[in-house]
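Small disclaimer: the values here were computed from a predicted structure and weren't measured.
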Amino acid sequence: MQETPQQYQRRILSYSANQDPLKILRATPNDIRRLIRGLSKKQMRQRPAPRKWSAAEIIAHLADTELAIGFRYRQVLSQSGIALQAFDQEAWASAGKYTTIDPKDSFALFRAIRAANIRLLRMMPRSRWSFYGIHEERGKETMRTMALLEAGHDINHLRQIERIAIHLKRRKSQRSSTNTAL
């Protein structure tokens, strides 16, 4: 059974609850780099299961999401109370052809947009953390809630990349030990 938008929001916020969202957002690019170190482009494109995204697809998704959330931040900062449009991540993955994008390109794009968004959030006066938008599926979201959602979203996908990387590295290690035993 698929989550409702409210269930998704609660789950994602639970990952970043009581944490500094900016600390998580700043750490994510380095965490990704650490997790994918040693993986080939081919490995990064391997899906862990049918209908599950590969590490490369997750990184492409993170780049697109960073673009979307950056736009939302800027909308809310310029007009508190503005309507925020949802997006279908599967439709974006299909339209963006995530399976064909070089993961290095996705990662570079993600890092660049993330740096700009962090700079925006760090320069923002405290009084603006309460500015909000009305998400068409989840309702009112303040700038703080949006940053916490983004941080929780990072944690969610970092966990997925970590599971994929561990599995791929374990398989590679098993193949190496099998080859040396022959």
Side-chain angles (χ1 to χ4, degrees), residues 2-33 35 53-99 101 103-161:
Q2 193 170 346
E3 291 177 302
T4 67
Q6 291 71 29
Q7 289 168 328
Y8 169 81
Q9 183 182 44
R10 278 193 302 276
R11 179 174 62 83
I12 294 300
L13 285 173
S14 75
Y15 299 149
S16 58
N18 303 316
Q19 296 185 59
D20 176 359
L22 290 178
K23 184 176 178 182
I24 295 168
L25 298 176
R26 279 192 306 265
T28 297
N30 289 332
D31 290 340
I32 292 171
R33 181 181 286 118
L35 290 170
W53 284 351
S54 66
E57 289 170 292
I58 292 169
I59 296 168
H61 165 70
L62 287 170
D64 270 357
T65 302
E66 197 64 27
L67 182 66
I69 193 71
F71 181 67
R72 287 177 184 167
Y73 287 147
R74 287 157 178 82
Q75 285 182 295
V76 169
L77 288 173
S78 65
Q79 185 182 348
S80 188
I82 195 166
L84 301 174
Q85 184 177 354
F87 67 92
D88 179 341
Q89 67 182 18
E90 295 298 335
W92 280 38
S94 177
K97 300 190 183 322
Y98 287 2
T99 58
I101 300 173
K104 287 182 183 179
D105 293 342
S106 295
F107 186 61
L109 179 61
F110 169 72
R111 282 189 10 240
I113 300 170
R114 172 59 59 93
N117 287 339
I118 288 173
R119 189 170 39 256
L120 175 73
L121 294 173
R122 288 181 60 208
M123 293 180 350
M124 186 176 66
R126 257 194 194 286
S127 61
R128 294 207 171 187
W129 281 98
S130 62
F131 279 31
Y132 66 93
I134 307 296
H135 189 282
E136 73 177 335
E137 294 176 341
R138 299 187 302 254
K140 182 178 178 179
E141 292 181 354
T142 65
M143 286 292 293
R144 174 150 178 78
T145 301
M146 291 167 59
L148 284 166
L149 279 166
E150 184 181 14
H153 183 260
D154 281 5
I155 292 168
N156 182 58
H157 287 302
L158 284 169
R159 289 175 180 173
Q160 291 171 337
I161 293 170

(request) Measure the spacing between CD1 of Ile12 and CD1 of Ile155 and express it to the nearest 0.5 Å. (result) 9.0 Å

(message) Using every non-hydrogen atom in the two residues, find where Leu22 and Arg122 come nearest and quote the distance to one decimal.
(response) CD1-CG, 4.0 Å

(message) Using 0.5 Å steps for rounding, measure from the NE2 atom of His153 to the CD1 atom of Ile24.
(response) 13.5 Å

(request) Mind jotting down which residue pairs meet the side chain to side chain donor-acceptor pair (under 3.5 Å) criterion with at least one end in residues 88-99? Sequence neighbours excluded, please. (result) Asp64-Tyr98

(request) Quick one: closest heavy-atom pair of Ile101 and Ala60, and the distance? (result) CD1-CB, 4.3 Å

(message) What's the separation between atom OH in Tyr8 and atom CD in Glu137, rounded to the nearest 0.5 Å?
(response) 10.5 Å

(request) Provide the closest heavy-atom pair for Glu66 versus Asn117 in the form atom of the first, atom of the second, distance. (result) OE2-ND2, 2.9 Å

(message) So, taking the atom named CE in Met143 and the one named CZ in Phe131, what distance separates them when rounded to the nearest 0.5 Å?
(response) 9.5 Å

(request) With sequence neighbours excluded, give me every side chain to side chain donor-acceptor pair (under 3.5 Å) pair touching residues 14-29. (result) Arg11-Tyr15, Thr28-Asp154

(message) Within the 3.5 Å criterion, strictly below it, is a donor on Gln9 or Glu141 matched to an acceptor on the partner's side chain?
(response) yes

(request) Starting at CD1 of Ile58, measure out to NE2 of His157 and round the result to the nearest 0.5 Å. (result) 6.5 Å

(request) Look at the side chain of Gln79 and the backbone N and O of Val76, then say whether any donor-acceptor pair between them is shorter than 3.5 Å. (result) no

Show me the donor-acceptor pairs, under 3.5 Å and distance only, between side chains in residues 144-151 and residues at least two apart or in other chains.
unit_1: Thr145; atom_1: OG1; unit_2: Thr142; atom_2: OG1; d: 3.0
unit_1: Glu150; atom_1: OE1; unit_2: Tyr73; atom_2: OH; d: 2.5
unit_1: Glu150; atom_1: OE2; unit_2: Arg114; atom_2: NH2; d: 3.2

(message) Can you tell me how the ring of His61 sits relative to the ring of Phe87, calling it parallel under 30°, perpendicular over 60° and tilted otherwise?
(response) tilted

(request) Determine the minimum heavy-atom distance between Pro29 and Arg111, stating which atoms define it. (result) CB-CG, 3.8 Å

(message) With a 4.5 Å cut-off on side-chain heavy atoms, are Gln160 and Trp53 touching?
(response) no

(request) State the CD-CZ distance between Gln7 and Arg138, to the nearest 0.5 angstrom. (result) 13.0 Å

(message) If we ignore hydrogens and angles and just use 3.5 Å, is the side chain of Ser106 paired with the main-chain N or O of Ile59 as donor and acceptor?
(response) no

(message) Could you report the tightest heavy-atom contact between Phe110 and Leu62, atom names first, then the distance?
(response) CD1-O, 3.6 Å

(request) Could you tell me whether the side chain of Leu25 reaches within less than 4.5 Å of the side chain of Leu121, counting heavy atoms only? (result) yes

(request) For Leu158 and Ile32, work out which heavy atoms get closest and say how close. (result) CD2-CG1, 3.6 Å

(message) Is the shortest side-chain heavy-atom distance between Gln75 and Leu84 below 4.5 Å?
(response) yes

